[in-house]
Structures are given as C-alpha cells and as structure tokens.
Amino acid sequence: MKQNISLKNYNTFGIDVKTKSFISIKSKKDLLEILDLIKNHSFRILGGGSNILLTKDFYGLTILMQNKGIRVLSESENEIIVEVQAGENWHEFVLWALERDYGGIENLALIPGSVGAAPIQNIGAYGVELKSVFHSCKVLDLESSSFKTFDKEACEFGYRTSIFKNLLKEKIIITSVNLRLQKKPHQTQTSYGSIQNEIKKRPLNIQNIAKAIISIRKSKLPDPKEIGNCGSFFKNPVITIQHFEKLLRTFPEIPHYPDKKNKVKVPAGWLIEKLGFKGKRYGNVGVHKKQALVLINYGQAEGKEVLELASKIQAQVLKVFMIKLEIEVTLM
Ligand SMILES: Cc1cc2nc3c(=O)[nH]c(=O)nc-3n(C[C@H](O)[C@H](O)[C@H](O)COP(=O)(O)OP(=O)(O)OC[C@H]3O[C@@H](n4cnc5c(N)ncnc54)[C@H](O)[C@@H]3O)c2cc1C
C-alpha cells in the first residue's frame, strides 16, 4: 500500500490530485485481504480512470483493479462464453477476440479503460452496447462480504447506465465479466454512415469493421496520452417528440434519432457546437476542435475548471434549447 500519492497518471483527464492511500489489486485474494479496510474507510475503485473527473484530494483508499486473466468457460458450434478478469484492458480484450475470430465487440474497439468498468455504464459505440454480448458478472458485495453473480437482467442496463452506477454505486466491486461472443457467421452492425464509408474499401468481416472504427476514432477523438480527456463528457439527451417539434421550428437542421416511445435522441455534440463552443479554449481547459462533446485539459487543469466549463455549457444549452445536459463521467 502506498501513501499520499498523486493520481495524475491514473486518470485520462490528467488531473493532479492526491489520494491518502493507494493499493493495486491483482487477485480476488488481494481484495478479500483488504475487505475490513474497505468496509471501515472511505474508498473508491479505479480501472483505467477514463470515465472520471477528479475534483479534489481524496482522504481515503483508492483501489486500482489490476486482476488479469481470460478464460473460455464454454463453447458451442455458434458461440463461446468467456470470463474476463476486471483488470484486463478492454481494447486488448477486443484484440484477443478478433485474433480468434470471435464477434460481437468489434464496434467497441479502442474504447479506453478496463473490462471491469465496462458494465458500469454499459459502454457503447457505433450502434453496439456491452449489453448485447453481456452474459453475467461476478461482484464482491460489500454489505454481505460475499461474491455474487449478476445476470444481464439484474444489471438493469440502459443508455450509459446500469444498476452499478445507481442503486449499487460504491456497494459492490466487479471482479470479472462473462461475455457471449459469436463464432462465424457473425452478425455485424455497420449501419453507421461513417463505418459504411470506411468499410467500402475492404471486405466485410469483424476485423475490418474494427479497423474502420479504430481509424474513425483516431481521426475524431483526442488520444488521452497526448491531451487529457474522458471521451464524451455529456450524455446525448433524450427529449419528448413535442419538445423536439418545437425545436425543429427554430433549428430545422437539428440531427436526431428515434428513441423509446414518443422520445427522440439529440446529439449533445451538435447542441454544443451550435452554441459556438467547439474548439474554444478557456485557460487550462477547452472543447475539442473535432468533437464538441469532448472537454479537454491543456495540461495543468484542476477538476473544478473542467466543471466550470461544463456548467457554462449546460447553462447555455438550457437557455437556448431548453435541454438539461446530463454529465456522463463520474465526478469524484
Ligand atoms: C478518448 C475516450 C473515448 C471514449 N469513448 C467511449 C465510447 O465510445 N463509449 C463509451 O461507453 N465510453 C467511452 N469512453 C469512456 C470510458 O472509456 C468508459 O466508460 C470505460 O468503460 C471506463 O473504464 P475505466 O476502467 O477507465 O473506468 P474508470 O474511469 O476507472 O471508472 C469509471 C467508474 O466505474 C467504477 N469502476 C471501475 N472499475 C470498477 C470495478 N471493477 N468495480 C466497480 N466499479 C468500478 C469507478 O469507481 C468509476 O465510478 C471514452 C473515454 C475516452 C478517454
């Protein structure tokens, strides 16, 4: 266990705050050994730190999940069920599946972070969400001090959310995730326009879909190793049809996608861009020049500066579009 260390290298925003204590977890045994400490102190779990905004020093225990391992649990003619330990890197796991020709997660290539965090917000990209391949996950339930299994239904997955981000926040630790991956013939999802354009150049298979997505993502999103960010800072808002029709009168070009009954999803990036924030810098922070949904740290930012910019954007979006933008990243 380390004491009083900076978390700058443990969050992709690159925010420099301290934690009083810090421990790396490499196995379930490691976790059980610190169970009493967890139950009696304030603690927080970190994977890749790619979906959090650190706003202040933390006077508790930061637990970094680094347990590794990938194991095929069962195999049939059409699919496999694979158990992946929480500390595995998500993108490396996607590459593992692609090398073996297992499909279902190719659209989720290059999403940063750990496998254990993937169910927390039901990661999604290019028309696919984790829940489409999710089988179950194993968690340490801190109340009962026992390991429990959550199936898909129990996880209450929604758009960038799950029971772990709500009711069970800070009450469980995900230790491994089981996913159901397809063997050939794969059912692919290439309906996003940008994938269609990229894939045209190559034969349609899961490896080429992943290549297309990696290339699109690299061209649009800032690499956290070069510039601090957390991907999308806000969720795409879902509004009623009536509200949307009202907006259409002033903004006939507003992009939109059908959502649940009588609801429409509007890209938050478009709203932010329309208000002129795209590419703007405010001191140490700013809005990315290629993707207005991404807030960036120019190097020395404090979490509160990112939050101030986020509030400014939220206030303008509310004023002009009457939409309350919800923050996607977890504030700590
Ligand atoms: C450039 C960039 C692009 C991105 N693109 C996407 C995208 O396309 N789609 C998308 O969905 N997300 C995207 N993200 C967000 C992020 O990559 C995902 O949310 C990812 O799953 C976070 O994983 P992590 O290990 O970094 O989680 P962390 O940031 O470390 O943690 C996130 C939350 O989960 C909790 N947590 C982490 N691990 C565990 C565990 N084992 N048990 C219990 N709680 C845990 C933490 O306490 C915290 O509340 C992007 C981020 C970046 C920087």
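Keep in mind that this is a model prediction, so the values were computed, not measured. Counting starts at 1 for both ligands and their atoms, following the listed order.
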Practice problem: Check step by step if salt bridge (charged side-chain N to carboxylate O under 4.0 Å, His left out) holds for E253 and K274. | Solution: CA-CA 11 Å; E253 74 285 22; K274 189 80 188 164; 2.6 Å; yes
For [X], is at least one N or O under 3.5 Å away from an N or O on ligand 1?
X: I45; answer: yes
X: S114; answer: yes
X: P112; answer: yes
X: I174; answer: yes

Quiz item: Is there a chain of hydrophobic side chains (I, L, V, M, F, W, Y, each step under 4.5 Å between heavy atoms) that links L53 to L64?
Solution: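 Looking at the clustering, L64 is in the same group as L53.
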Ligand-side contact atoms (ligand 1) for residue partner [X], heavy atom cut-off under 4.0 Å:
X: A125; answer: 8 (O)
X: G113; answer: 23 (O), 24 (P), 25 (O), 26 (O)
X: R160; answer: 11 (O)
X: T330; answer: 49 (O)
X: G49; answer: 24 (P), 26 (O), 28 (P), 29 (O), 30 (O)
X: M332; answer: 47 (O), 48 (C), 49 (O)

Quiz prompt | Reference residue L142; test side chain to side chain contact (heavy atoms under 4.5 Å, CB included); the match among I172, L168, I38 | solution =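 Going through I172, L168, I38 one by one, the side chain to side chain contact (heavy atoms under 4.5 Å, CB included) with L142 is satisfied by I38 alone.
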Is it the case that [X] and [Y] place a side-chain donor and acceptor less than 3.5 Å from each other?
X: S50; Y: T12; answer: no
X: D16; Y: S6; answer: yes
X: N284; Y: E305; answer: yes
X: N262; Y: Q242; answer: no
X: T190; Y: T188; answer: no

Nearest to [atom], what protein heavy atom do you find, and at what distance?
atom: atom 24 (P) of ligand 1; answer: G48 N, 3.4 Å
atom: atom 15 (C) of ligand 1; answer: S50 O, 3.7 Å
atom: atom 31 (O) of ligand 1; answer: I52 CG2, 3.9 Å
atom: atom 29 (O) of ligand 1; answer: N51 N, 2.8 Å
atom: atom 44 (N) of ligand 1; answer: I120 CD1, 3.3 Å
atom: atom 13 (C) of ligand 1; answer: I111 CG2, 3.8 Å
atom: atom 37 (C) of ligand 1; answer: A117 CB, 3.6 Å

Option nearest [atom] (shortest heavy-atom distance, choices [options]):
atom: atom 3 (C) of ligand 1; options: Q121, R217, H288, K225; answer: R217
atom: atom 7 (C) of ligand 1; options: C230, S232, G124, G231; answer: G124
atom: atom 21 (O) of ligand 1; options: L221, N229, T175, I123; answer: I123

Quiz item: For Q3, does the CD atom have more than 12 heavy-atom neighbours from other residues, nucleotides or ligands under 6.0 Å away?
Solution: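 Yes, because the 6.0 Å sphere around CD of Q3 holds more than 12 heavy atoms from other groups.
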Check [Y] with [X], please: is the shortest side-chain N to carboxylate O separation under 4.0 Å?
X: K312; Y: E308; value: no
X: E83; Y: R71; value: yes
X: K184; Y: D101; value: yes

